[in-house]
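In listed order, ligands and their atoms are each counted from 1. Please read all numbers here as calculations on a predicted model, not as lab measurements.
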Amino acid sequence: MTSQDRRPAAQTADLDLAVGFAIPARDARGRIVRLGPVLDEVLSAHDYPAPIARILSEALTLTALLGAMLKDVGGQLTMQAQTESGIVELLVCDYRGGELRGYVRFDADRLAGVSALPSLQAMFGKGYLAITFDQETSGERYQGIVPLEGNSLADAAQNFFSQSEQIPSLVRLAVNDTGHVAGGILLQHLPEGEEGRDRLHTRLDHPEWDHVRILAETIKAGELVDPALSLETLIWRLFHDEEEIRLLAGVPLSRGCRCDPEHVRQVLRRFPQEERLEMADGGGIITVDCEFCSRNFPIKLSELDE
Ligand SMILES: [Zn+2]
């Protein structure tokens, strides 16, 4: 790698972006994502301790990697980590049309008693990772669930694909705590004709897959979170000896939530009058929370009369 491949630090355009690529000769396709201001926006709505901010940053990066795979632009991807005994009780992230949001419910007292960099086991205990794909056009919904095992969320996601989906996959996630930058790569082996759920003949030890997997494994955490390094350059660094790399159009990512007072009113109007009365406080106000935004929506009962 020569010095001219390095772009000046001023060009920090490759933040909040997902770039897809394919290596046709190896039946491989992948995504690289880097998040910056999106993380700031999500995290600024909360006051999370560093280990929680870190796990949410990883989870948002993973959600962006998976969400950017949706062919249906209006489709939604939801990732939930649920635990029975962990410090993290619930972690939810979702993606729709390039918009990301997420939050974490956790036990602050127990978190205070662990090390600065707790293991996945310490954070989640016995937990599960559920990934749900909702297609807007067909209305189809598919959910896969795997135990939260391994050393990291990236390991758990790799298990999701290899166990639940039978797709050989590599997932790497990196977070730079100081600058609120996170990055990730997802690489998958998808031989021709094995789209969809029919993958009975996929071999997890395919030589073409091994070749690209080993190349992708050379990626460094520092490269994933270096805003001065364009995602395209990063893909080129990893796979420059391949005869053909197809780059797909980048998907810009932003922070977005679907909560708004009018939507809340619409939802509340679906409840019968007596239930609305039960939900309201003595002053006739129903308070609805959005956990993603840490915002309250006080709605007067009188606003609900059509
Ligand atoms: Zn919200």
Checklist entry - Is the Tyr142 ring parallel, tilted or perpendicular to the Phe133 ring (thresholds 30°, 60°)? => result parallel
Checklist entry - CD of Glu244: more than 12 outside heavy atoms within 6.0 angstrom? => result yes
Item to check | Gln188 and Ser169: side chain donor to acceptor below 3.5 Å | outcome: yes
Next on the checklist: Between His180 (side chain only) and Val38 (backbone N and O only), is there a donor and an acceptor less than 3.5 Å apart?
Outcome noted: no
Checklist entry - Is a salt bridge present between Arg96 and Glu99, judged by a nitrogen-to-oxygen distance below 4.0 Å? => result no
Next on the checklist: Over 60° means perpendicular and under 30° means parallel, so tell me whether Phe239 and Phe21 are parallel, tilted or perpendicular.
Outcome noted: tilted
Next on the checklist: Closer than 2.8 Å to the Zn ion (ligand 1), what protein N/O/S atoms do you find?
Outcome noted: Cys257 SG, Cys259 SG, Cys290 SG, Cys293 SG
